[in-house]
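Accompanying notes for the structure given below.
Only a predicted model underlies this, so the values are computations on that prediction, with no experimental measurement involved. Only this structure's heavy atoms are used, side chains among them; waters, hydrogens and symmetry mates stay out. Convention: sequence-line order gives letters A, B, ...; per-chain numbering from 1.
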Amino acid sequence: MSDQAQLPMDEWEHAQTMALSCSEFKQDVEEEWLAEETVSCYNCRYRRFVGSGIRCMKSLFNF
Amino acid sequence: MKFYLCIDDTDNLDSIGTGTIAEQIQEKIIHQGYGPCSLVTRHQLFIHEDIPYTSHNSSMCFCGEAPDDALAAIISLAAEHLDTVAAVGSDPGLCVLAYDENCHYDELMEFGIDAKKTILTKNDAMICAQNHQLHLSEHGGTGQGIIGALAGVGLRLFGYDGEIKGALKNAEINQTYPVSELKKLPEVQQVLDLAAKKPLTDATLVNMCNRTKTVLYQNQYVLFVRKDENDQYTTLPKSEIRKLGDHFYV
């Protein structure tokens, strides 16, 4: 997912594809995983849950 | 004495999770000779742009047994641990309740329920804490974590909210287990049909077809299952479990 982009809930395949190609993907702790796919934007530490889905916040951090 | 302990807002993007810190506090309590303690429950709170949270806004709670005179030691131990391990930039809060069966906790439970659907303030939390004579303390940053910590205790008391941390990690996905085997796991006390809310018999087979979690329902650790198109009981994915949590599984 590109910086600051928002992803609706339940887009599992899309979230996996994006996370697999994202060099900054960082897995969150297990109790916060949501997707079945281990590598998924929904399971990334840099996602923030918002009302209708998740938002990528990685631009706020230096890599 | 039965006690409830909840922490919130202890992490940042590089730190260990709040659930792990809750388990560390639990280990220290047991090491002091107190306990037993329950499993840790994760309570989802309101998701809103105006609420500062790391990424998911949840708090972590457990309960335990200890001598009546151990309350101060438990609070001190938990507070010291939070002060030591809470992440830079976090806003930790700690709530500890010594449960009194003669007290009514309706307002506290209502606070927890409200924290799942509205924005509450530190002042709201402090007023509720004073009314129930429980321990509520800030441990750095803005101290905003006291809101979630208090809410977590209210929701755990409510008994119909919270995913069990670490639940079912030893169950193999795509394996079929009889209910009797599942109930041997500490995180599974009951297996319920989601639609009927009725317990399945011990001989019933359940297909663990995804990463599911048990949840607190009627103060028990419950695995919800449903029948698939082949009339076979299967587990629910975590995403559905979390949606159910918006309505307290009822």
If every non-hydrogen atom of [X] is compared with every non-hydrogen atom of [Y], which pair is closest and at what distance?
| X | Y | answer |
| --- | --- | --- |
| B/Ala171 | B/Met208 | CB-CE, 3.9 Å |
| B/Cys6 | B/Gly148 | SG-O, 4.1 Å |
| B/Leu223 | B/Leu182 | CD2-CD1, 3.9 Å |
| B/Ala22 | B/Phe62 | O-CE2, 3.5 Å |

Problem set entry | Most chain B-contacting option - heavy-atom pairs closer than 4.5 Å, from A/Met9, A/Glu30, A/Glu31, A/Lys26 |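 Of the options given, most contacts go to A/Glu31.
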
For this session: Below 4.5 Å from any heavy atom of chain A, which atoms of B/Ile164 appear? Answer side chain, backbone, both or neither.
Result: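 Contact with chain A involves no heavy atom of B/Ile164 at all.
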
Problem set entry | Most contacts with chain A, counted as non-hydrogen pairs under 4.5 angstrom, among B/Gln44, B/Lys169, B/His48, B/Lys213 |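 Of the candidates given, the most pairs with chain A belong to B/Lys213.
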
Exercise. For A/Trp33, is it the side chain, the backbone, both or neither that has a heavy atom under 4.5 Å from a heavy atom of chain B?
Worked result: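 Contact with chain B is through both the backbone and side chain of A/Trp33.
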
Problem set entry | Toward chain B, the part of A/Thr38 with a non-hydrogen atom under 4.5 Å |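 For A/Thr38, heavy atoms of backbone and side chain both lie under 4.5 Å from chain B.
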
For this session: Ignoring hydrogens and angles, state whether a donor on the side chain of B/Ser90 or B/Asp11 is under 3.5 Å from an acceptor on the partner side chain.
Result: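 No, no side-chain donor-acceptor contact under 3.5 Å.
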
